[in-house]
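Per chain, numbering begins at 1; letters A, B, ... match sequence-line order.
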There are 2 protein chains.
Amino acid sequence: MRKAQRDATRTQIVKAALSCIAERGYDAVTTRYIASVADVSQGLLTYHFKTKEILWRAAAEHLFEILDESLGLDILEFNAHDAKKQTVAERDEMQRDCIRRIVRFHAKHPELLRFMLQKGSDNDSRTEWLVDTHIKPSLKQFSTVMSHIPEKDLPHMLYALSGASGIIFSVPDECERATGMNPRLTSAIERHADYLAYLFIPERN
Amino acid sequence: MRKAQRDATRTQIVKAALSCIAERGYDAVTTRYIASVADVSQGLLTYHFKTKEILWRAAAEHLFEILDESLGLDILEFNAHDAKKQTVAERDEMQRDCIRRIVRFHAKHPELLRFMLQKGSDNDSRTEWLVDTHIKPSLKQFSTVMSHIPEKDLPHMLYALSGASGIIFSVPDECERATGMNPRLTSAIERHADYLAYLFIPERN
DNA sequence: CATTTTACTTGTCAAATGACAAGTAAAATG
DNA sequence: CATTTTACTTGTCATTTGACAAGTAAAATG
């Protein structure tokens with residue numbers, strides 16, 4: 001009973017921290033602000049997470065947990081290894097589906113891109129940990145799914161896709177003001193997903 | 001003599017502010033830190049720019065000045081209007097060239113993307129000004145160059161291209177640590193430029 | 001039921017922040 | 001050359017920051 005409450009509160013704080021940090025940046029956001037969003041006292045953050053950096057780490061863990069769940073790259077990777085059973089058209093469509101999932105994830109969680117773009121004064125320690133613990137494994141799985149891409153092009157495709165998927169959802173207000181299209185609408189998300197799916201995996205003829 | 005020195009100092013401060021704000025974010029960066037990068041006293045920022053927000057605005061102006069110069073969209077736009085004189089292949093290559101310029105600009109000035117992704121506590125006023133004054137005109141010129149894209153796809157292509165071009169240069173350390181490729185190298189920049197040029201404007205067959 | 005543990009709040013602190021007032025020296029002015 | 005203007009520095013101020021110590025009430029424990 002006590003443990004459940006504790007975990008619920010911690011999760012509440014972590015979620016608030018993730019969204020606040022993604023929105024404003026690590027250095028810019030204050031622990032008091034996170035606390036107010038999480039609807040707890042500021043002292044409680046220190047109680048549960050000791051320092052701001054530890055809280056940041058918990059938020060990152062949480063983000064990549066969601067990412068791994070939502071993307072289900074492990075499933076797609078499994079299918080990719082089953083390539084012999086697939087026609088080329090089926091493989092293409094599987095890869096398009098993977099891209100669509102990525103776009104939908106960015107739409108639902110603009111935090112991801114913002115999180116990766118963060119720099120802080122003591123950036124290095126946090127970045128290295130993030131890359132080694134979470135980014136490298138993700139990229140490896142993804143590259144298995146995109147098995148047909150020449151190895152030299154892979155980093156370019158990877159980052160091109162990340163950016164192409166995510167940016168539009170990171171600046172929804174600017175986008176709507178500039179183009180008239182609201183990228184928060186499901187229709188816009190699906191259009192973007194489809195646009196990128198066929199951009200990166202063109203139809204064959 | 002007095003005026004020249006004044007302008008030189010102001011430019012020095014603005015450049016420092018641009019790079020600092022792009023790196024850390026508006027709220028996160030301190031005027032003292034900007035001053036130290038610009039190698040002037042903190043009081044001088046207040047003297048020249050009164051408030052931090054005014055300094056931010058000057059930095060944004062500076063960024064978009066560089067952008068307009070470097071991209072030369074006006075020239076390309078002019079060529080685009082000359083479409084009748086062009087073969088399809090020539091138009092394709094002109095558009096690829098436009099994309100390459102955009103990629104090279106992002107490589108040289110990662111500030112742009114970071115700047116656009118900034119949110120601050122009083123975000124709205126700054127964003128609205130930025131969009132109306134600088135982003136809208138840029139997008140309009142760009143859409144003229146990309147004349148063959150269906151109007152409904154334009155916002156998607158626009159933001160896809162921005163993200164696909166820029167992200168990799170915004171996280172060079174992460175990229176190198178994760179993939180082994182250093183996106184600061186000219187060879188990597190040109191490869192990225194070419195990859196995107198042919199991604200967005202495929203070869204015809 | 002008496003005691004201990006613990007999830008959480010409040011109050012406080014030194015350090016850092018943006019702004020600004022007062023001062024300075026050198027260039028411009030007439 | 002005497003005076004004014006101005007580009008710039010230094011010192012200071014109220015406010016905000018992350019951290020932490022002390023306290024509280026309720027749940028767990030035995």
| What integer distance in Å separates B:Arg10:CZ from D:dT6:P? | 14 Å

| message | I want to check something: taking the side chain as every heavy atom from C-beta on, are B:Leu113 and A:Ile167 in contact at a cut-off of under 4.5 Å? | response | yes

| message | Looking only at the side chain of A:Thr46 (C-beta and beyond, no hydrogens), which of the listed nucleotides C:dC8, D:dA19, D:dC8 gets closest? | response | D:dA19

| query | For C:dC8, does OP1 or OP2 lie under 4.0 Å from any side-chain N or O of A:Gln5? | reply | yes

| Length of the CZ-C1' vector between A:Arg6 and C:dT5, whole Å | 12 Å

| field | Watson-Crick or G-U pairs under 3.5 Å in DNA chain D, rendered as dot-bracket with [ ] for crossing pairs and | for another strand | value | ||||||||||||||||||||||||||||||

| query | What's the closest nucleotide to the A:His48 side chain, out of C:dC8, D:dT10, D:dA19? | reply | C:dC8

| said: What is the distance, to the nearest angstrom, from the NZ atom on A:Lys3 to the P atom on C:dC8? | reply: 13 Å

| task | Nearest-nucleotide wise, let me know which of A:Gly43 and B:Lys50 is further upstream toward the 5' end of DNA chain C. | result | A:Gly43

| field | Length of the line joining A:Asp27:CG and D:dT16:P, which is rounded to integer Å | value | 19 Å

| field | d(CD, B:Gln42; P, C:dG18) in whole Å | value | 7 Å

| Atom-to-atom span, OH of B:Tyr47 to P of C:dT24 - whole angstrom | 17 Å

| said: By nearest atom, which of the nucleotides D:dG18, C:dC8, D:dT9 is closest to the A:Lys52 side chain? | reply: D:dG18

| query | Going by heavy atoms closer than 4.0 Å, what residues in residues 29-37 of chain A are next to DNA chain D? | reply | A:Val29, A:Thr30, A:Thr31, A:Arg32

| task | Verify, without hydrogens or angle tests, whether B:Gln95 (side chain) and B:Val145 (backbone) share a donor-acceptor contact under 3.5 angstrom. | result | yes

| query | Which atom names give the shortest non-hydrogen contact between B:Ser165 and B:Val103, and what distance separates them? | reply | OG-CG2, 3.8 Å

| Under the side-chain hydrogen bond (donor to acceptor under 3.5 Å, both in side chains) criterion, do B:Ser19 and B:Glu23 qualify, and how do the steps go? | CA-CA 6 Å; B:Ser19 114; B:Glu23 195 171 325; 5.0 Å; no

